[in-house]
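In what follows, a structure is listed as structure tokens, so that the remarks can point back to it.
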Number of protein chains: 4
Amino acid sequence: MSPRNVEKDQQMREKRLAHILESAIEIMAVKGIGSVSIGDIAAAAGVSVGNVYHYFKSKDEIFAELLRRGQTGYGAFVSEIAGRQLPAADKLRAISEAWLALGNSWAYTLLIHTARMSETSTDQLRREVTGRFTANLGPVAEIVAQGQREGSVVPGDPTELALYFVSLIQGLTLQRAPGVEVPVGIRAEGVVRLFLAGSAARDA
Amino acid sequence: MSPRNVEKDQQMREKRLAHILESAIEIMAVKGIGSVSIGDIAAAAGVSVGNVYHYFKSKDEIFAELLRRGQTGYGAFVSEIAGRQLPAADKLRAISEAWLALGNSWAYTLLIHTARMSETSTDQLRREVTGRFTANLGPVAEIVAQGQREGSVVPGDPTELALYFVSLIQGLTLQRAPGVEVPVGIRAEGVVRLFLAGSAARDA
Amino acid sequence: MSPRNVEKDQQMREKRLAHILESAIEIMAVKGIGSVSIGDIAAAAGVSVGNVYHYFKSKDEIFAELLRRGQTGYGAFVSEIAGRQLPAADKLRAISEAWLALGNSWAYTLLIHTARMSETSTDQLRREVTGRFTANLGPVAEIVAQGQREGSVVPGDPTELALYFVSLIQGLTLQRAPGVEVPVGIRAEGVVRLFLAGSAARDA
Amino acid sequence: MSPRNVEKDQQMREKRLAHILESAIEIMAVKGIGSVSIGDIAAAAGVSVGNVYHYFKSKDEIFAELLRRGQTGYGAFVSEIAGRQLPAADKLRAISEAWLALGNSWAYTLLIHTARMSETSTDQLRREVTGRFTANLGPVAEIVAQGQREGSVVPGDPTELALYFVSLIQGLTLQRAPGVEVPVGIRAEGVVRLFLAGSAARDA
DNA sequence: CATGAATGAGTTTTCATTCAT
DNA sequence: AATGAATGAAAACTCATTCAT
């Protein structure tokens, strides 16, 4: 029936979709989340406005998909780290470094929180975002627990500590946004050390 | 006509102004920062749209004033704490508790970061906000330094640690936004302990 | 508090509202119901597009209000006729004449049916429209019953006959739309005669 | 290549064409005439948007063809009835019954009147539709005249009465649209009786 | 001061139509 | 023939801001 390669079409579609999403997060990083229009996104992606609507039902859907992918990607990353054969301290350091190095992480952070509030966004979306956030806390809590068994991480409820760790990282990514100049260096090492127990940490 | 009236007028004006600003932050907390209109603010404050423009030149001015007051208030609070005759640990605890207890702190946090980033907001505003943020880091750094002298706080550059402390608090306030249910308790005590040195605190 | 006359404001609002609605039905009569834009309506009313939205939440609301008023007005008219001290035949004639003489009746007729279908319109609206239509059948049925008692109207279920009467009038109004040229005169007298019993009327 | 194939191709084309038109009227019945898009029609027909354009030059052509076929079919039907060897009353009854039984008749009725009025549709189309409508009045007028000769139909100008008859039927089909629940039965018999003279009708 | 009507410039969204594959 | 991506133009809708009262 169809004279075109269905599978290839699917791939092209996914490629375009991803391209639009990437352009969206990039332009949001430049213009600020609240003030990006579909027109901005389309221009950034080099496609027409109408075409963006070919891939996404609405602006909200773009945000939702962006969050879905961002959170899922982050979750996969954290899980992968958690599964490695490494001391917990190194794992935490790897997470910090990766997240702080990532250029757009602050945009995701703001996006998450923009989506979680806002009457505009549906309950459905809010639930999804919160659910994924909570789920992504799991691997970090595991790492914390591992570190506690190893004696390298401070005592306390692992999930609570994981939340502090993630919140701290998130709080810090916000300080890395363009236009924000904090007069101090932000170092993954410094972040991790707060969670480390014993003389090694204290006496550094 | 009489100075009495002028003075009273001033008071009335200030009262209205403050009321509009409070209503603004409240409605922003409900509808999301990006999507509050002047109409929303006016409705929330129980005044007319036109009347809002009697007190503020523009929407941006509302945001700017909101930030100015929020940051100034926070700065005063932190300075006051820093000046008290207390162990550093208690001071940090006091800051954490106050900030985490405050209902709208997360909205201010988002507002700050929204303002700092968006291309929309003027350089002027961005500079002001960043300047105040940096200034507000000072008292916290002092407390950290005091704690290090007392031996209660972990070693490291005081300003850097202050930034971590503030970022962590900010990151945590975001988790307290309505519609967000993190399955963990957030405790000021837990936050402070990360910054405390010594076996009592870290190895408890 | 308010330095303006509230009551007068209310009156002005109602006046503008009515003016926009009138302009809407007029322009719809010219351009066709499906193809009137808010811009057309605004232009016809001599106001800005934004101002139309000051009075109506959406295009659908304009349609809904138009229908509400049209049907209510028609209902009042029919009830008034039904209450007069006249032979039933004269009442039917009065209704036919008025309805056929009215320039925009066909537009209302189409609007009613456009609204009653269309997935777009809410169930709520559909129910309202159908409810009013049914209610408006009542007075006509009364007239029919009166005529039957007087011996001037053909026998049969009064409500059924009323439905036929109204449907015939509606069907005929559609033939009076501009651009439609039926090669025959449409006469209220001819319409009414179909419902009249007796040799004088039917065999004339 | 062979004439066989060419012929078969023609048949296939005609089949597809008819299928698309049927789907169009069906979806228009569901979504409302004004709000069906080519996409809706394509989806309803189970073909691609592009493919619809292989069969029709434009959306307007779909409407035009739909009307052409609908009116032509109706005309053929009425002519056939008019030519039968039957009393006029039976002919009228047959027409009423057929038209009222037809599921989509109301959609055609609305389509006809939408087309006749909207400024959007070309003069050409309007003329065609009105021309066919008028032509289709002919056979009905003939039946009426026949009935008058037989003494079974009320007196009056046959074309005028034909117009009333058709308008009544059209008005009634509109009451049969889905979502419309008139609390009365619509019976072909009741319709026809209005046009019948003499004791048979009157005393029923 | 207070009000809310009015505006215009944007933004989102829709959709008929074209076109490469 | 068949597909659905891409486009552009138009339509719906929003909203900061101004202004007469």
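Note: hydrogens, waters and symmetry copies are ignored here, and every other heavy atom, side chains too, is used. Chain A is the first sequence line, chain B the second, and so forth, proteins listed ahead of strands; every chain is numbered from 1.
- Per the geometry, CD belonging to C/Gln11 stands 16 Å off C1' belonging to E/dG4, to the nearest Å.
- Nearest-nucleotide positions on DNA chain F for C/Lys8 and D/Val49 put D/Val49 closer to the 5' end.
- Note: CG (A/Leu17) to P (F/dG4) measures 16 Å, nearest angstrom.
- Atom CD in D/Glu14 sits about 13 Å away from atom P in F/dA1, given to the nearest Å.
- Proximity of a side-chain donor or acceptor of A/Lys31 to a complementary backbone N or O of A/Ser37 within less than 3.5 Å is not detected.
- Atom NE2 in C/His19 sits roughly 16 Å away from atom P in E/dA5 (whole-Å rounding).
- At F/dA11, none of the side-chain N or O atoms of C/Ser37 fall inside 4.0 Å of OP1 or OP2 (strictly under the cut-off).
- Counting any heavy atom pair closer than 4.0 Å across all strands shown, C/Phe56 reaches no nucleic acid atom.
- Checking the phosphate oxygens (OP1, OP2) of E/dT3, a side-chain nitrogen or oxygen of B/Asn51 falls inside 4.0 Å.
- When all heavy atoms of B/Leu66 and B/Leu21 are compared, the closest pair comes out as CD1-O, 3.5 Å.
- Side-chain N/O atoms of C/Glu14 and C/Gln10 include no donor and acceptor closer than 3.5 Å.
- With B/Gln71 contributing its side chain and B/Val129 its backbone, the two residues share a donor-acceptor pair below 3.5 Å.
- When heavy atoms are screened at a 4.0 angstrom cut-off, A/Val52 is found touching no nucleic acid atom at all.
- Looking at heavy atoms from C-beta onward, B/Glu128 lies in side-chain contact with B/Gln124 at the 4.5 angstrom threshold.
- In this structure, C/Tyr55 atom OH and F/dT14 atom C1' are separated by 17 Å, rounded to whole Å.
- Under the Watson-Crick or G-U wobble criterion, with both distances below 3.5 Å, F/dA11 is paired with E/dT12.
- Nearer to the 5' terminus of DNA chain E, by closest-nucleotide assignment, is the contact made by C/Val47 (compared with the other of C/Val47 and D/Lys59).
- Checking the phosphate oxygens (OP1, OP2) of E/dT17, a side-chain nitrogen or oxygen of D/Tyr53 falls inside 4.0 Å.
- In this structure, CG of A/Asp9 is placed 16 Å from P of E/dA20, rounded to the nearest angstrom.
- Of the candidates F/dA12, E/dT17, E/dG4, the closest approach to any side-chain atom of C/Ile38 belongs to F/dA12.
- For E/dA6, the OP1/OP2 oxygens have no side-chain nitrogen or oxygen of C/His54 closer than 4.0 Å.
- E/dA6 is paired with F/dT17 under the Watson-Crick or G-U wobble criterion, all donor-acceptor distances under 3.5 Å.
- Taking atom CD1 on C/Ile41 and atom P on F/dA12, their separation rounds to 8 Å, with Å as the unit.
- Residue B/Arg16 places no side-chain N or O under 4.0 Å from the OP1 or OP2 atom of E/dC1.
- Taking the nucleotide of DNA chain E with the nearest heavy atom to each of B/Arg13 and A/Asp40, the more 5' of the two is matched to B/Arg13.
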